[in-house]
There are 2 protein chains.
Amino acid sequence: MPAKNINTEMTQIDDYFKSAISVDCVILGFDANGLKVLVIKSQVDPFIGMWTLLGDLIHPSEHLHDAAKRVLNKHSGMGDAVYLEQVEAFGNADRHPLGRVITIAYYSLVKLSDYDSSTTENSTAVWKSIDELGKMGFDHNEILVACIQRLRRRVRERPIGFDLLPHKFTLTQLQSLYEAVLGEKLDKRNFRKKIISMNLLVDLKETQKEVAHRPAKLYKFDEEKYKKLESEGFSFEL
Amino acid sequence: MPAKNINTEMTQIDDYFKSAISVDCVILGFDANGLKVLVIKSQVDPFIGMWTLLGDLIHPSEHLHDAAKRVLNKHSGMGDAVYLEQVEAFGNADRHPLGRVITIAYYSLVKLSDYDSSTTENSTAVWKSIDELGKMGFDHNEILVACIQRLRRRVRERPIGFDLLPHKFTLTQLQSLYEAVLGEKLDKRNFRKKIISMNLLVDLKETQKEVAHRPAKLYKFDEEKYKKLESEGFSFEL
DNA sequence: CAAACTTAGTGTAAAAAACACACATTCTTA
DNA sequence: TAAGAATGTGTGTTTTTTACACTAAGTTTG
């Protein structure tokens, strides 16, 4: 625990225990219209009404990662079994109007198909497309950009794209997810060749229903197989 | 500034302003014997005598990056013009015996050839090979590993290896630096072919002196050219 | 001063990976 | 039953990566 103020020297030390630490989560989802972020309207003075990321101060003896999970769970209803990664600490001395608050940015990937706003009591958060956010409160635009850049790199080297898709998905959905994240068009045949050759997808022998065109085959990601291959030195590369 | 304790509610808020934030720097150097880290013997109770990274609490209104530079400068004598990158925040609630201290880890790359211990007044830090450190104080082994992993990735995508070499270097030195960082042997001809084909090295038309074998040509890294190429979309890849 | 030592410096061929590219198929709806 | 919409599939070309061994230039030693 911090020292008490018993003399001048101690008071100085105590000065160092006057910062707060928060986590801010870039909670990302994906649907036919692209990448979405869960945001909320700020209630903090100079930023009232602006969109902000979801975050909270870290409880006094809470681990960083647990704080991020708590925030995620409160607003998305899904805390565990969701991809969550720390990205960067943002700590400019003047970034928060209430005092010195350093924030640790995380991003997480959730399946929008599983999202159910009724399970998130009292959260007024909404999903917005990442390009319709405008100027956000605090330094949250900067945080968002840092997280998306990180995602862009990671999605090529780990099979985390699947965390944004429904359990059952088509190859076209998978491809358009990659296109949305990477911000570039990919060649259909080459994409399929590569992803199929990794042997990480299970053909569910089912097809889409209720689409006004030829229905596509459905696949799922084989988590167990990936873990096994990974432990043998295989590395996902797209 | 944090609220004063004027009522119970405020006291609770104040509780959140009782953490301290520090930076810890993994200051890396390179010589013929491989990668070195600048470390110091801990004076903090359960870790007394163990090696620890160089760090300090962040001053109340100091930017994160500035705090890292200050630490770097104090112990290495070179603050500016040194590669410095934030890696990760470490914040387990029990990681520091004095209270809740969250630390932001940075790593930096310095030219050992420029290091002059006399310019770092009152620093008792020493350079140790990264594999002769044993169990370090706090969670510093974990921090060190995270930083070296980051360096390993970065060194392939940015020309930062040069920050660890003298201004004038031979291709063999450059290669053995890469081998040390990546932890694998590289093929001499392929390495040279690749690095030369980027046109980022200037042949200084000089050779090594006082070596007991055929002297190698000396090169320097062309910083300006790299910046220019980078701004035109070129990206370093090794 | 010749022989031995040590590291520097150089090119080519084979294999693998990346890329470009177009049409027949299957379902729905009008 | 014809038109529309998205699915699914293979090959040849180019580029990149990899593997690999000997001569050159200096120093040291006998």
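Throughout, protein chains are lettered first and strands after them, A, B, ... in sequence-line order, and every chain is numbered starting at 1.
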Evaluate the side-chain proximity of B:Lys168 to B:Tyr219: yes if any heavy-atom separation is below 4.5 Å, no if none is.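 When only atoms from C-beta onward are counted, B:Lys168 and B:Tyr219 do not touch, as no gap falls below 4.5 Å.
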
Taking the side chain as C-beta and beyond, is there a heavy-atom pair between B:Arg156 and B:Leu182 under 4.5 Å?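 Heavy-atom side-chain distance check passes, below 4.5 Å.
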
Report the C-alpha distance between B:Ser42 and B:Thr52 in whole Å, list the side-chain angles of each, state the deciding distance to 0.1 Å, and finish with yes or no for side chain to side chain donor-acceptor pair (under 3.5 Å). CA-CA 6 Å; B:Ser42 177; B:Thr52 55; 4.9 Å; no

From the options B:Leu38, B:Leu144, B:Val87, select the one residue that forms a side-chain contact (heavy atoms from CB on, under 4.5 Å) with B:Val26.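 Running side-chain contact (heavy atoms from CB on, under 4.5 Å) over B:Leu38, B:Leu144, B:Val87 with B:Val26 returns exactly one hit, B:Leu144.
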
Among B:Val211, B:Leu218, B:Thr207, whose side-chain contact (heavy atoms from CB on, under 4.5 Å) with B:Thr170 holds?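 That would be B:Leu218.
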
Name every residue in residues 151-186 of chain B that has at least one heavy atom under 4.0 Å from any atom of DNA chain D, in order of residue number, or write none if there are no such residues.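 Heavy-atom contacts with DNA chain D come from no residue of residues 151-186 of chain B; none.
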
Between protein and nucleic acid, restricted to nucleotides 10-13 of chain C and to nitrogen or oxygen atoms under 3.5 Å apart, what atom pairs and distances do you find?
| unit_1 | atom_1 | unit_2 | atom_2 | d |
| --- | --- | --- | --- | --- |
| C:dT12 | O4 | B:Lys193 | NZ | 3.0 |

Would you check if there is a donor-acceptor pair between the side chains of B:Arg192 and B:Ser197 at a distance under 3.5 Å?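 Checked: B:Ser197/B:Arg192 side chains show no N/O donor-acceptor pair below 3.5 Å.
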
Side chains of residues 224-238 of chain A: which donor-acceptor partners sit under 3.5 Å, not counting sequence neighbours?
| unit_1 | atom_1 | unit_2 | atom_2 | d |
| --- | --- | --- | --- | --- |
| A:Lys225 | NZ | A:Asn199 | O | 3.4 |
| A:Ser231 | OG | A:Lys228 | O | 2.7 |

Grab the NZ-C1' distance between B:Lys194 and D:dT15 for me, whole Å please.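 Atom-to-atom, B:Lys194 to D:dT15, this comes out as 12 Å.
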
So if I take residues 200-216 of chain A and measure heavy-atom distances to DNA chain C, which residues fall below 4.0 Å?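 The stretch gives A:Val211, A:Ala212, A:His213, A:Arg214, A:Pro215 as the residues lying under 4.0 Å from the strand, ordered by number.
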
Could you name each residue pair satisfying ring-ring contact (aromatic ring centres under 6.0 Å, His included) that touches residues 168-188 of chain B, not counting sequence neighbours?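 Counting only pairs at least two positions apart or across chains, the ring-ring contact (aromatic ring centres under 6.0 Å, His included) contacts touching residues 168-188 of chain B are B:Phe162-B:Phe169, B:Tyr178-B:Phe191.
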
Which residues satisfy the ring pair (Phe, Tyr, Trp, His ring centres under 6.0 Å) test with A:His65, sequence neighbours excluded?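 A:His65 satisfies ring pair (Phe, Tyr, Trp, His ring centres under 6.0 Å) with A:Tyr106 once adjacent residues are dropped.
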
According to the interplanar angle, ranging from 0 to 90°, do the rings of A:Tyr115 and A:Trp127 count as parallel (below 30°), tilted (30 to 60°) or perpendicular (above 60°)?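 It falls in the perpendicular class, over 60°.
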
